[in-house]
Amino acid sequence: MENLTSAQQELYDWLVNYIRISHHAPSIRQMMRAMNLRSPAPIQSRLEHLRSKGYIDWTEGKARTIRLLRHCNLGVPVLGAIAAGGLVEPFTDTVEELDISGFFYQPGNFALRVTGDSMIEDLIAEGDVVIMRPVPDPDDIKNGLIVAARVDGHGTTLKRFYRKGDKVTLKPSNAKYHPIEIMAKHVQVQGVLVGVWRGYDQNLTAAAIH
């Protein structure tokens, strides 16, 4: 199967997510809005390429008949462990795949397994899997959100994020731990929490965190 361009991949990922949630195909106008396009021509071109490359098909002359032709992996990659206590080495490679059947699936989301107990007052315990959304622009992070933050020279930790001027405080949700206070330039936020998956190795239950 041929590889997709970035524009084709963007539309395909959106189609997969839309069809999974809605159980029917979207309209051209919906795809235009989702891709932030004002003309149907680019959408039709991308659809034709997706069809020719074997990713989708549709019934000629009928609206909303797009169907996916390949198995879609809706798992979220588990990239390693995240410390809810001290700091751990930064995560890099995917070590396993968390199949959540699309519950928290959005393109780009990733998961981390929690070690430690510094976030127990937010009902995040050791062994839980946290679902994270990447952060394109760190300036968009609101104070109080739970983040996976990499501290230069130390590692990555799960904490509540607060920024004031050029300083960042990473605050635990457990009174026995002290906040981490550091210059903002030494902190890289790698993701914002969107959910917690508990009992991953047993009977799976999920709880959304906002």
Side-chain angles (χ1 to χ4, degrees), residues 1-80 82 90-113 129-141 147-148 150 156 188-197 200-201 204-206 208-210:
M1 189 169 289
E2 292 185 53
N3 292 331
L4 302 178
T5 66
S6 58
Q8 293 162 10
Q9 187 70 55
E10 180 185 23
L11 178 58
Y12 179 73
D13 288 341
W14 185 84
L15 282 171
V16 169
N17 199 44
Y18 182 94
I19 292 172
R20 174 185 56 78
I21 294 172
S22 303
H23 303 291
H24 60 78
S27 67
I28 294 292
R29 187 171 297 276
Q30 286 174 309
M31 288 182 267
M32 288 168 54
R33 286 199 298 265
M35 298 298 104
N36 197 28
L37 296 170
R38 296 185 178 182
S39 167
I43 293 295
Q44 292 165 343
S45 175
R46 294 180 199 183
L47 290 174
E48 288 290 351
H49 281 96
L50 289 173
R51 186 186 204 182
S52 68
K53 292 180 179 181
Y55 285 78
I56 64 172
D57 200 2
W58 60 80
T59 302
E60 294 290 350
K62 292 186 178 181
R64 294 179 179 267
T65 58
I66 293 174
R67 55 189 181 274
L68 306 174
L69 297 183
R70 57 176 297 186
H71 173 73
C72 301
N73 187 352
L74 296 180
V76 173
V78 181
L79 299 184
I82 181 74
F91 45 84
T92 52
D93 299 328
T94 300
V95 295
E96 54 186 313
E97 188 91 4
L98 176 61
D99 182 4
I100 54 178
S101 301
F103 192 86
F104 289 116
Y105 176 78
Q106 289 293 332
N109 281 9
F110 61 93
L112 297 166
R113 191 180 296 279
V129 174
V130 288
I131 315 299
M132 312 301 295
R133 170 176 55 82
V135 183
D137 186 353
D139 291 335
D140 291 339
I141 303 171
V147 304
R150 183 179 185 275
T156 304
Q188 178 189 3
V189 176
Q190 298 179 314
V192 172
L193 183 74
V194 294
V196 179
W197 198 266
Y200 173 37
D201 293 323
L204 298 185
T205 57
I209 302 294
H210 301 288

Asks: Hey, does M132 have a side-chain heavy atom less than 4.5 Å from the side chain of Q190?
Replies: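 A side-chain contact under 4.5 Å is absent here.
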Asks: Is there side-chain contact between R67 and T59, with heavy atoms separated by less than 4.5 Å?
Replies: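 They are in contact (side-chain heavy atoms under 4.5 Å apart), so the answer is yes.
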Asks: Report the distance from atom CD of Q8 to atom CG of D13, rounding to the nearest 0.5 Å.
Replies: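 Separation between the atoms: 12.0 Å.
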Asks: Quick one: OG1 on T65 to NE2 on H24, what's the gap to the nearest 0.5 Å?
Replies: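 Those atoms lie 13.0 Å apart.
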Asks: Identify every side-chain donor-acceptor pair in residues 37-45 under 3.5 Å, counting partners at least two apart or on other chains, and give the distances.
Replies:
residue: S39; atom: OG; partner: A41; partner atom: N; Å: 3.2

Asks: Quick one: side-chain contact (heavy atoms from CB on, under 4.5 Å) partners of A7, sequence neighbours excluded?
Replies: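 For A7, the residues satisfying side-chain contact (heavy atoms from CB on, under 4.5 Å) (neighbours in sequence not counted) are T5, R46.
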Asks: Between N3 and K53, what is the shortest heavy-atom contact and its length?
Replies: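 Of all heavy-atom pairs spanning N3 and K53, the closest is O-NZ, 2.9 Å.
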Asks: Quick one: pull up OH in Y55 and CG in L4 and give me the separation to the nearest 0.5 Å.
Replies: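 Separation between the atoms: 4.0 Å.
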Asks: Which pair of non-hydrogen atoms, one from P26 and one from L15, has the smallest distance, and what is that distance?
Replies: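 Between these two residues, the closest heavy atoms are CG-CD2, 3.5 Å.
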Asks: Hey, what do you get for CZ (R150) to OG1 (T156), rounding to the nearest 0.5 Å?
Replies: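 It comes to 6.5 Å.
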Asks: Between F110 and G191, which heavy-atom pair has the shortest distance, and what is it?
Replies: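 Minimum heavy-atom contact is CZ-CA, 4.2 Å.
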Asks: With side-chain contact (heavy atoms from CB on, under 4.5 Å) as the test, would you mind laying out the steps for I66 and M31 before giving the verdict?
Replies: CA-CA 12 Å; I66 293 174; M31 288 182 267; 3.9 Å; yes
Asks: State, to 0.1 Å, how close I19 and A25 come at their nearest heavy-atom pair, and which atoms those are.
Replies: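 Scanning both residues, the minimum pair turns out to be CG1-CA, 4.2 Å.
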Asks: Could you measure the distance from the CG atom of L11 to the CG atom of L47? Nearest 0.5 Å is fine.
Replies: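 The CG atom of L47 is 5.5 Å from CG of L11, to the nearest 0.5 Å.
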Asks: Using the side chain to side chain donor-acceptor pair (under 3.5 Å) criterion, which residues pair with Q30? Sequence neighbours excluded.
Replies: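 With neighbours one apart ignored, the set is Y18, S27, R64.
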